[in-house]
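Inspection log for the structure reproduced underneath, given as structure tokens.
In what follows, every chain begins at residue 1, and chains take the letters A, B, ... in the order their sequences are listed.
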Amino acid sequence: MTTTADPTTLEFGKARTRKEDARLITGRTKFTDAINLHGMLHLHVVRSPLAHATITGVDKTAAEASPGVIGVYTAADLGVEGVGLPCAWPITPDMKSPQRPLLAHTTVHFAGEGVAVVLARSAAEARDAADLVEVDYEPLEPVLNMEDALKEGATLVHPDLGTNENATWVFDSGAAGTGSSIDEAISAAEADADSIVLKRRFIQQRLIPAFMEPRACVVDPTGEQITVWAATQVPHILRTMTTVTLGVPESKLRVIAPDVGGGFGGKIGVLPEEMLCVALAQKTGKPIKWNETRSESLLAAHHGRDQIQDITITAKRDGTVTGLDVHLLADMGAYLGLVGPGVPILGAFMFNSIYKFPALKFTCTNVFTTKTLTDAYRGAGRPEATFAIERIMDELAVELGIEPMELRKKNWITHEEFPFTTVVGLTYDSGNYEQATAQAMEAFDYAGLRREQEERRASGDKVQLGIGISTFTEMCGLAPSRVLGSLSYGAGGWEAASIRMLATGKVEVITGASAHGQGHETAFSQIVADQLGVPFEDVEVLHGDTQISPKGLDTYGSRSLVVGGIAIVKAAEKVVAKAKKIAAHLLEASEDDIEFSGGTFTVKGTDKGKAIQEIAFAAFMAHDYPEDMEPNLDADAVYDPENFSYPHGTHLAAVEIDTETGRVNLRKYVCVDDIGTVVNPLIVEGQVHGGLAQGIAQALFEEANYDDQGTLVNGTFVDYTLPSAADLPSFDTSTVSTPATSNPLGVKGVGEAGTIASTPAIVNSVIDALRHLGVTNVEMPCTSQRVWRAIQEAKGNTTQETPIDTHSPGAGLGSIDPNNPQGEVQ
Amino acid sequence: MAQVRVTVDGVNYADDVEPRTLLVHYLRERLGKTGTLVGCDTSNCGACTVHLNGQSVKSCSVLAVQADGAEVTTIEGIACDGKLHPVQEAFNEKHALQCGYCTPGMIMQAIDLLGDNPDPDEQEVREGIEGNLCRCTGYQNIVRAVQSAAQKMKPGSPAQTDTPVSVAGGGN
Ligand code: FES
Ligand code: FES
């Protein structure tokens, strides 16, 4: 029957174009908003315009009389005042957790919080009626500044907690026994003329994930199971958490993530709107749809980053680093997201990065404010850590008069030193920082650009050149379950897979990972094609539906390949082991004499053989199979990783800054990433490009700004300035590979690398361009206005900040060139 | 209610619509053309881009009634007899999409761009698609795809010989 793959043409490493594209390029898609059911009702949320206020009355009369309206409901009307959304990561035993209600019932805690919902026959009617719901508020003082929020007598976001402090989490290498004491390192450095102690404060501005598909869900209560379609990264977690939140038995829930239009961490939450749809579907017996507008999404979907970072580094004057003390304030917003409090903690182990610090202490205080809650955004904790360490390494280089790349080389783990256990107790299995750096510096023409920089400085060119470095690593493949347990995380880190061999030799692969743009269907097909020796086209990857893929922990933290992919390998190994038994039986040979290669089982030293597809058919027919087994090749596997994986890379940026206007032009970006073995270079390149765009956007374009009343002032795509194609250059990306030793494929993960690495490379380049003018810092996003003001202030000129300076022309506004705002042809 | 008669992807429709109905909602909700997507409420993202009488428009900024008497082409109408449009092919070949949410709009905008400028350089592509946001790809492969499609669509190129490709043209 059969074709078998030629072992010389392995799928692994091939730049396969993606299977999933066929439907996406033709519009044959099923995003959640395309799901329409008979009798479906539409939900719209009435949201608070105020950040902090007591609700004194809700008048629903006019809304209820509005055409098409089925009902208008507050939390009390639905009897859900006591229901709180889950936080799965209590980072300390005494962490303070406020109830996160489905709808605010006495007090609103951020602008955009739901107060009531309208159910109507059409989405437009629901929206119209929502405008007619009259809510009376008694305004309260907003809580906006983290440092003020922690002061004695500050207005409390949740008075019942008695504090605005959510938790303080500490890691001290001295106490943990993984390194020495930071206090001693600092006192020693202070007492030593040959050492320095350097302190810097960095601000991680608040960002919005801004996936292109707004969040949505449809809930159908009309079957035996309640079916939930949701634009989510985490269908499995959503199912379990719906049970935890609403008490619907898990076995009565089916969650489907259909086509999902991006997530970047922004769709890992369990949403009040999803729970309200379930509650209302149960109440009305009708299917309910909720589909947010973009403005709602920017306002109410969780935000990311938002930290104040106080960093102290100690070093010998020869450049050897001796200690790092990290103090963070992390803005949780008004409530705790699913993993929100743990996001900064994911960064705790990455501040030392690739450097051999003997001592490190990390202290993070999470703070409640009256803003939208924060949770995972691409990189989650690790971009923040990487930014701080790569920025302060540059600062240290300047202080010590050492070339910044030389300073890094002096301190990084050399490739002979792997496996290397770091000051925080993680064991980096593999890497080669020298190799990635040498390759990146050559492609970048580092020496040539430094020369040009010198020339421009010497000639006083109005356009100055800056060079920025980021030599980063990250921990990926979340995560070994026992490690998560030790961090009090409320779940494991395993992933599940199943393989079904169909009668006709085709293969179904079921994964618990849930794709939303990553290309799992293609990459996993490549893996299975090699493992089973079947054609790539014969593999169908199924995911994102708890009825098809009953077990899984979904997609985030660069885990799909590194954990989910390995689970698939483990399942394939079991399939091959079963098939081998049947092959031995049919070929009348001993199992020990059967060899498997390229999809065929052969008897050693003979030309007798059977293809795996023949074995699958024989198992299906079940006319002749060994007595001691079932007639079936299918297999399940659950894989729990033994370690994280540690991709790394060297990223180099060159910016040109017009010192008269402050305009930053990203001229060149080179990165060489070591992500271990590459399954599909095309997909890897795409992940790196997209990651870079998001990291660069943090450096140059994006910030969620609140005014002094606590209102998000850039809550549309007009003013929350995602970069357009015209804002970005082409990147020079490549990979080197030192395979991971912690998994059989040698893979490390790539989803977050570009985002984590690029932000400090860009900011370092901006400051490098201006340092000789006396500029010591520019806060993100480094807009034209901020850069211009930094230059003016360095000259001793006073400047005036326009209130929200991300609005300044050039801040991600595509073609609007601040030097030529009218776009006149010159 | 107002009446709208419109040809969408080669099929004629006549419907009564609320005057305020946006073209994108008419396409999605009445005609089931759910390949055209909505990504924003301020006409910034371009996910909803279609061709109206051969010109690319953001269908969230056009009322359905404004399309009365017009010819609309969506992402679902550009493949011809099962053969993909060269821009669709190029998006697949160059890995110009990840989640695919921006893709229908991007492809429609790219076709329009190539109608105006059949051989754009990188910067011209970047400026030509700047009204379409993509959060996944960093745009680099989209630019490549558009330039690769331009090559395929050149008169006399192999892709061009068997099926004539309809290209939106003119305008600015
Ligand atoms: S939906 Fe039309 S531009 Fe965003
Ligand atoms: S591919 Fe996801 S937004 Fe463009």
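- Residue contact with chain B, scored on non-hydrogen atoms closer than 4.5 Å, involves the backbone and the side chain of A:R18 alike.
- Residue with the most contacts toward chain A among B:T103, B:N92, B:L37, B:T34: B:N92 (heavy-atom pairs, distance under 4.5 Å).
- With a threshold of 4.5 angstrom between heavy atoms, A:L728 approaches chain B through its backbone and through its side chain.
- At a 4.5 Å heavy-atom cutoff, the contact between B:E122 and chain A is made by side-chain atoms alone.
- Heavy atoms of A:F264 lying under 4.5 Å from chain B belong exclusively to its side chain.
- A donor-acceptor contact shorter than 3.5 Å is absent between the side chain of B:E93 and the backbone of A:T17.
- Taking chain A as the reference chain and counting heavy-atom pairs below 4.5 Å, the highest number among B:T74, B:N141, B:V87 is found for B:N141.
- Nearest heavy-atom pair, B:F91 versus A:I25, reported as atom, atom and distance to 0.1 Å: CB-CG2, 4.1 Å.
- To the nearest 0.5 Å, atom CD of residue B:Q98 and atom CG of residue A:L24 are 11.0 Å apart.
- What you find for B:R20 and A:A124 is that their closest heavy atoms are NH2-CB, 3.6 Å.
- Of the two parts of B:L84, only the side chain, counted from C-beta on, holds a non-hydrogen atom closer than 4.5 Å to a non-hydrogen atom of chain A.
- Residues A:H516 and B:C99 fail the side-chain proximity criterion, which asks for heavy atoms closer than 4.5 Å.
- Ranked by heavy-atom pairs shorter than 4.5 Å toward chain B, the options A:D128, A:T29, A:L298 are led by A:D128.
- With hydrogens and angles disregarded, no donor-acceptor distance shorter than 3.5 Å links the side chain of A:E213 to the backbone of B:Y101.
- Contact annotation for B:T137: only backbone heavy atoms (N, CA, C, O) come within less than 4.5 Å of a heavy atom of chain A.
- We find the NE2-NE2 distance between A:H689 and B:H95 to be 9.0 Å, quoted to the nearest 0.5 Å.
- The existence of a salt bridge linking B:R126 and A:D727 is excluded, since no basic side-chain nitrogen approaches an acidic carboxylate oxygen closer than 4.0 Å.
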Exercise. Start with the C-alpha distance between B:K94 and A:E685, add both sets of side-chain angles, then the distance that settles salt bridge (charged side-chain N to carboxylate O under 4.0 Å, His left out), and finish with yes or no.
Key: CA-CA 11 Å; B:K94 300 295 174 197; A:E685 192 190 34; over 6 Å; no
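- Most heavy-atom pairs under 4.5 Å with chain B: of the set A:A15, A:A123, A:P209, this distinction falls to A:P209.
- Only the backbone of A:V260 has a heavy atom closer than 4.5 Å to any heavy atom of chain B.
- Contact count versus chain B (heavy atoms, under 4.5 Å) is highest, among A:Q694, A:E20, A:R23, for A:Q694.
- Annotation for B:R28 and A:A34: closest pair NH2-N, 3.8 Å, computed over non-hydrogen atoms.
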Sequence neighbours excluded and cut-off under 3.5 Å, please list the side-chain donor-acceptor pairs for residues 63-73 of chain B, or say none.
| unit_1 | atom_1 | unit_2 | atom_2 | d |
| --- | --- | --- | --- | --- |
| B:Q66 | OE1 | B:L63 | N | 2.7 |
| B:D68 | OD1 | B:R5 | N | 2.7 |

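- The parts of A:D33 that come within reach of chain B are both its backbone and its side chain, each placing non-hydrogen atoms under 4.5 angstrom from that chain.
- For B:I107, the part sitting under 4.5 Å from any heavy atom of chain A is the side chain, from C-beta outward, and nothing else.
- Within the 4.5 Å cutoff, the side chain of B:C45 has heavy atoms near those of the A:M212 side chain.
- Both the backbone and the side chain of A:Q687 have a heavy atom closer than 4.5 Å to some heavy atom of chain B.
- For the set A:S295, A:A693, A:S122, A:G262, the entry with the most heavy-atom pairs within less than 4.5 Å of chain B is A:S295.
- Ion pairing of A:R127 with B:D41 is absent here, as no side-chain N (NZ or NE/NH1/NH2) approaches a carboxylate O to less than 4.0 Å.
- Put simply, of B:L97, B:T21, B:T36, the one with the most heavy-atom pairs under 4.5 Å next to chain A is B:L97.
- Between A:E702 and B:R135 there is a salt bridge, since at least one side-chain N of the basic residue sits less than 4.0 Å from a carboxylate O of the acidic one.
- Neither the backbone nor the side chain of B:V143 comes within contact range of chain A; no heavy atoms are under 4.5 Å apart.
- In this structure, the portions of B:L133 lying under 4.5 Å from any heavy atom of chain A include both its backbone and its side chain.
- For B:Y139, the part lying near chain A is the side chain, with the backbone staying farther off; criterion is any non-hydrogen pair under 4.5 Å.
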